[in-house]
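To start, the structure itself, in structure tokens.
Here the structure is a predicted model, which is why all the values come from computation and not from measurement. Chain naming here is simple, since letters A, B, ... match the order of the sequence lines and numbering starts at 1 in each.
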Amino acid sequence: MASDLSHLKIGFIGAGNMAYGILKGILKSGDINPANVTVSAPSINNFPRFQELGVHVIHCNGDAVSEAQLVFLAVKPHFIRTVVNEVLPHLTERHIIVSVAAGVTLETLEQLLPAGVETVRLMPNLPCVLQEGALLFARGSCATPETASLLKHLLSACGSVEEGPESWIDIHTGLSGSGVAFVYLFAEAMAEGAVKMGMPSALAQRIAAQTMLGAGRMLRDSGKPAAVLRGEVCTPGGTTIYGLHALEKGGVRSAAMSAVEAATERARELGRK
Amino acid sequence: MSVGFIGAGQLAHALVKGFTAAGVIAAHRITASSPDNDLITVAGLRKMGVNMTTSNKEAVQKSDVLFLAVKPHIIPFVLDEIGPDIEDRHLIVSCAAGVTIGSIEKKLMQYRTNPKVMRIMTNTPVVVREGATVYATGTHAEVEDGRLLEQLMSSVGFCTEVEEDLIDPVTGLSGSGPAYAFTAVDALADGGVKMGLPRRLALRLGAQALLGAAKMLLDSEMHPGQLKDNVCSPGGATIHALHVMEAGGFRSLLINAVETSCIRTRELQFLADQEKISSAAIKKTTLDKVMQQPGVEQGGGVGVRTAGVSLFNNRHKK
């Protein structure tokens with residue numbers, strides 16, 4: 001695999017946050033030569049941080065595609081059609097197209113792309129830019145298990161990478177794409193509670209953030225389920241159980257479920273349009 | 001430049017008051033038409049020096065920029081009436097919630113090949129020159145028309161161009177917004193009164209608090225959350241109060257309000273599109289509705305006050 005990868009040429013259409021996060025993760029493994037990566041975007045505004053990574057930056061989508069085998073379409077959903085039509089002449093059966101566009105289904109992509117081109121739909125989330133993303137991808141009808149393995153390997157440094165059926169992508173959007181905002185809201189509210197109790201706001205916010213981070217790492221790395229970890233913090237009659245009771249009274253669990261549900265439903269709705 | 005208003009109700013009155021206070025146009029260059037001479041706003045407009053008439057045709061002929069300031073369901077009838085009188089110079093600006101540019105252009109194109117139409121969503125604080133206005137440009141309106149409208153509306157507050165599909169959300173937010181604010185101040189004053197303040201003072205302070213907060217927000221680059229943090233001393237009174245608001249679902253209520261107003265606007269547009277009434281019934285229906293408006297005399301029902309109602313005829317009746 002390592003020797004194959006040193007010759008693998010990768011193209012990015014779009015130079016936004018998602019492209020950057022994904023590229024950074026890919027390069028971290030050390031298996032890919034930055035000289036084999038081309039990023040294409042209409043304006044130079046976003047180029048500097050890509051140039052720092054040692055990759056080529058150009059203004060020609062067609063060239064980014066014709067040079068590469070693996071191409072990431074990292075443009076806003078409403079540009080997908082335009083971009084695909086533009087690069088159509090350069091696409092061959094050896095291309096693997098990975099679309100990062102929210103709401104653009106594999107069916108739509110396969111209709112736009114030539115038959116035989118391997119298509120993958122990838123849903124990352126914002127913390128990708130810090131290599132702490134949660135990524136889920138679904139394979140199109142021509143995409144092979146080898147392609148799936150390749151992607152899992154390449155994207156492993158972006159955070160967590162999982163494969164699933166396309167129907168899970170909307171759920172992933174609700175849970176993890178939008179989910180980061182739910183966590184931000186919770187952190188803001190917890191900090192407000194601290195302010196109410198007498199702590200200065202800026203400090204409360206920093207501590208809330210670190211609390212989220214620490215709890216998140218324990219959740220991810222301890223191997224124990226959330227319910228167990230929660231129990232481990234709760235001394236009988238102690239502060240935590242009192243606080244948790246207030247949360248339960250506030251219906252936070254139901255609200256969290258509803259939040260994921262609402263975001264997922266909306267993702268489905270948008271995907272149907 | 002002359003400005004005309006079809007309709008002389010709250011909106012026309014507020015806009016004229018704002019325009020004249022701003023000095024962007026003189027009152028005598030404004031003509032407003034209304035079927036009913038007894039509306040308070042009609043008297044107010046006349047007092048300001050606006051040329052009042054009961055003839056829509058006259059308002060059209062005496063204007064270059066023509067505001068349609070009637071209720072949405074009246075718009076189709078007004079358009080049919082004034083259609084033949086529209087000239088190349090006219091810029092038609094519809095203020096009616098939920099009425100699309102497309103529907104207006106469709107009507108007018110029966111009379112004119114390239115009617116210049118624009119659509120605005122504004123709000124009542126234009127009367128004190130602190131309005132919030134958005135406008136969308138029709139198919140045949142030029143860039144200069146947009147600039148002219150923006151100049152006019154900027155004299156009475158904030159004004160910017162948007163895509164037409166954003167107008168319904170704007171209605172929900174800043175169209176209805178002043179009503180949310182009035183309700184808030186009323187309730188804040190109640191709180192003040194409960195805690196011992198005289199009503200007048202409580203209202204004055206409540207309104208000033210909202211005004212000051214809005215000004216701080218507009219003048220600074222900061223996020224409202226951050227401005228809020230700056231007011232909330234640790235363990236202080238304000239953070240205690242905010243907790244109570246959050247517990248009551250304050251934020252969610254406001255989100256719901258904007259959403260509901262936007263959805264209702266779309267519903268009304270949809271209902272209007274569905275209406276299929278015979279033309280005879282239309283006359284009577286509209287007449288009834290005009291008669292039901294506040295300030296209109298119920299002189300023994302429809303048919304008694306035919307004098308002065310000029311929606312369907314061009315003869316100036318006295």
Side-chain angles (χ1 to χ4, degrees), chain A residues 76-79 103 126 174 178 180-212 239 242-263 265-266 269-270 272-273, chain B residues 100 102 136 161-169 172-173 191 195 209 213 216-217 220-267 269-270:
Chain A
K76 289 272 188 291
H78 53 268
F79 284 132
L126 273 172
S178 302
V180 290
F182 309 158
V183 174
Y184 297 152
L185 189 149
F186 199 69
E188 188 184 353
M190 281 179 66
E192 295 242 280
V195 172
K196 180 180 178 182
M197 300 324 324
M199 182 178 277
S201 174
L203 178 62
Q205 285 173 34
R206 285 200 303 276
I207 294 177
Q210 186 62 28
T211 306
M212 296 277 150
T239 66
Y242 271 70
L244 280 171
H245 190 189
L247 274 178
E248 298 286 6
K249 281 192 228 172
V252 166
R253 283 182 189 267
S254 163
M257 291 175 73
S258 300
V260 174
E261 186 178 353
E265 284 298 338
R266 184 59 175 168
E269 216 183 321
L270 291 172
R272 275 193 290 268
K273 283 191 182 168
Chain B
T100 60
E161 185 176 9
V162 294
E163 295 293 320
E164 193 177 5
D165 60 356
L166 293 186
I167 292 198
D168 293 336
L173 174 57
M195 302 321 298
M216 277 181 77
L217 186 53
S220 84
E221 299 276 295
M222 292 201 276
H223 189 279
Q226 211 183 329
L227 286 165
K228 163 179 58 83
D229 287 344
N230 293 345
V231 185
C232 292
S233 1
T238 312
I239 187 72
H240 273 73
L242 277 174
H243 189 185
V244 164
M245 285 172 68
E246 296 287 5
F250 183 64
R251 289 176 189 261
S252 158
L253 274 180
L254 291 171
I255 297 173
N256 292 349
V258 175
E259 188 179 36
T260 302
S261 172
C262 175
I263 290 175
R264 181 61 179 166
T265 304
R266 289 180 182 148
E267 232 169 53
Q269 163 68 20
F270 182 72

Next on the checklist: Is it the case that over 12 heavy atoms from other parts of the model lie below 6.0 angstrom from the NE2 atom of His223(B)?
Outcome noted: no

Next on the checklist: Applying side-chain hydrogen bond (donor to acceptor under 3.5 Å, both in side chains), can you list everything that pairs with Arg253(A), at least two apart in sequence or on another chain?
Outcome noted: Glu248(A)

Checklist entry - Which residues, numbered in order, of residues 243-257 of chain B come under 4.5 angstrom of chain A by heavy-atom distance? => result His243(B), Glu246(B), Arg251(B)

Checklist entry - For Phe182(A), does the CZ atom have more than 12 heavy-atom neighbours from other residues, nucleotides or ligands under 6.0 Å away? => result yes

Under 3.5 Å, which donor-acceptor pairs link side chains of residues 198-205 of chain A to any protein atom two or more places apart or in another chain?
residue	atom	partner	partner atom	Å
Ser201(A)	OG	Gln205(A)	NE2	3.0
Gln205(A)	NE2	Asp229(B)	OD2	2.9

Item to check | Which of Pro234(B), Cys232(B), Ser233(B), Gly225(B) touches chain A most, by non-hydrogen pairs under 4.5 Å | outcome: Pro234(B)

Checklist entry - For Met222(B), does the CE atom have more than 12 heavy-atom neighbours from other residues, nucleotides or ligands under 6.0 Å away? => result yes

Checklist entry - With Lys76(A), which residues qualify under salt bridge (charged side-chain N to carboxylate O under 4.0 Å, His left out), at least two apart? => result none

Checklist entry - How many angstroms lie between CD in Glu192(A) and CD1 in Ile239(B), if you round to the nearest 0.5 Å? => result 4.5 Å

